[in-house]
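Okay, so here's the structure we're looking at.
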Amino acid sequence: VELHDTLSQNLAGVACQVAAGSNAIGDDPETDFKRFLLRNGGNDWYQTGFRDAFGQSLFRGWVACDTQGYEPCVVYLNGEYWGIQNFRHHYSKHFFETWHGADPENLDFIKTGRSAGDDVQEGDGVAYAELCSYLNSHNLASDAAAWAYVQTRIDIDNLIDYNILHTYLVNTDWPDNNQGIWRERVDYSPTAAPPHDGRWRFVSYDTDHGLGLSGSVTTDMISYAKKH
């Protein structure tokens, strides 16, 4: 068992990563896990405790980006009652191997945040830094060649669905925070099945600020996302 999420460590019902386990998350077919999360609800721990889980569940199975499954569970540690936690998928090389058939020893996975910056979870950040540099130095709206190149580096359908999810949920703790992006470390191939085409794809997590915790139905998320 390992503590997870620096903020959640200061909240009631600490969030944990568990190294292995056997069970099911909701109606998912996966029952054996190398790692999974026991999450306390994050920023929403003092209200519903499952805002992130509910928000992601609205899109699970409908969008191209990854979402985390959810199942409420009663937690005991060494026989001591620790309350009700959220049994969730944990993004790691094991997740990408199980759900996408990715080579677990040959992928990059990076999380970005306001305070921590780029946090390399798997692989390294070299290709990601190169992509960011290219995006910052080219105008995709006017440069057709640059736009064509970016489509060979990013799964655009995945990106569109990822943005729809966070915009609809009015997640104001994004996009300058809580972004996850991954790829299998192979050269781009237009004929290869995902994720073996080498393109970057996004994962959703920590949408606790959505569904009214921070924003509201009047929040202009398009303008907000452009500023952040």
Side-chain angles (χ1 to χ4, degrees), residues 25-28 37 39 41-44 47-48 50-70 86 88-91 95-96 99-100 102 108-114 118-119 121 128 131-132 134-136 138-141 144 146-184 188 190 193-195 197-228:
I25 298 180
D27 58 359
D28 286 345
L37 290 181
R39 196 162 188 267
N43 298 102
D44 183 48
Q47 291 195 6
T48 72
F50 58 85
R51 194 180 304 258
D52 171 48
F54 175 71
Q56 290 199 56
S57 72
L58 297 176
F59 291 87
R60 191 162 173 77
W62 295 94
V63 291
C65 62
D66 282 307
T67 57
Q68 296 166 298
Y70 161 70
N86 299 328
R88 310 295 303 277
H89 288 117
H90 176 256
Y91 292 130
F95 176 91
F96 300 122
W99 286 89
H100 297 288
D108 294 325
F109 174 38
I110 295 143
K111 289 183 174 182
T112 64
R114 295 189 191 99
D118 297 338
D119 182 8
Q121 302 281 305
Y128 177 70
L131 174 64
C132 291
Y134 187 89
L135 291 171
N136 289 328
H138 292 77
N139 186 337
L140 304 187
W147 171 237
Y149 172 76
V150 168
Q151 292 180 75
T152 70
R153 310 310 304 159
I154 299 173
D155 182 333
I156 301 301
D157 289 337
N158 176 282
L159 174 61
I160 290 172
D161 282 1
Y162 173 76
N163 279 274
I164 289 172
L165 183 153
H166 288 275
T167 301
Y168 182 85
L169 295 179
V170 193
N171 180 19
T172 56
D173 201 18
W174 169 93
D176 60 336
N177 199 37
N178 295 325
Q179 277 208 79
I181 186 169
W182 75 283
R183 70 166 194 129
E184 194 169 60
Y188 171 67
D197 56 3
R199 293 190 295 174
W200 291 97
R201 292 174 168 85
F202 292 82
V203 299
S204 294
Y205 61 94
D206 288 10
T207 64
D208 318 326
H209 277 273
L211 294 176
L213 184 67
S214 298
S216 71
V217 294
T218 62
T219 301
D220 182 352
M221 279 301 294
I222 302 301
S223 297
Y224 181 89
K226 287 180 178 179
K227 293 177 181 179
H228 295 80

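Residues K111 and D119 are not paired through a salt bridge, judged by the lack of any N-O separation under 4.0 Å between the basic side chain and the carboxylate. Ion pair D157/R199 not flagged as a salt bridge, since none of the NZ, NE, NH1 or NH2 atoms sits closer than 4.0 Å to an Asp/Glu carboxylate oxygen. Under a 4.0 Å N-O distance rule, the pair D173/R114 qualifies as a salt bridge.
Between the side chain of T152 and the backbone N or O of Y149 there is at least one donor-acceptor pair closer than 3.5 Å. Judged by distance alone, with hydrogens and angles left aside, the side-chain atoms of D197 form no donor-acceptor pair with the main-chain N or O of P190 at under 3.5 Å. Put simply, the side chain of R201 never gets that close to the backbone of D155: no donor and acceptor are under 3.5 Å apart. D161 places a side-chain N or O within donor-acceptor distance of the main-chain N or O of A64, the cut-off being under 3.5 Å.
Within 6.0 Å of the OH atom in Y168, the count of heavy atoms belonging to other residues, nucleotides or ligands does not exceed 12.
Here the closest heavy-atom approach between residue S204 and residue Y162 is recorded as OG-CD1, 3.5 Å. Taking every heavy atom of both residues into account, V170 and S216 meet most closely at CG1-O, 3.7 Å.
Aromatic ring pairs are classed by plane angle as parallel below 30°, tilted from 30° to 60° and perpendicular above 60°; the pair Y134 and H138 is parallel. Aromatic ring orientation, Y91 versus Y205: perpendicular (interplanar angle above 60°, classes split at 30° and 60°). Between Y224 and H228, the two ring planes are parallel [angle under 30°; tilted spans 30° to 60°].
Counting only N and O atoms by type, the side chains of T48 and D44 include a donor and acceptor under 3.5 Å apart. Under 3.5 Å, the side chains of H100 and D66 contain a donor-acceptor pair of N or O atoms.
Judged as a salt bridge (charged side-chain N to carboxylate O under 4.0 Å, His left out), not a single pair has a partner in residues 214-228 (not counting sequence neighbours).
Between Q56 atom CD and H166 atom NE2 the span is 7.0 Å, to the nearest 0.5 Å.
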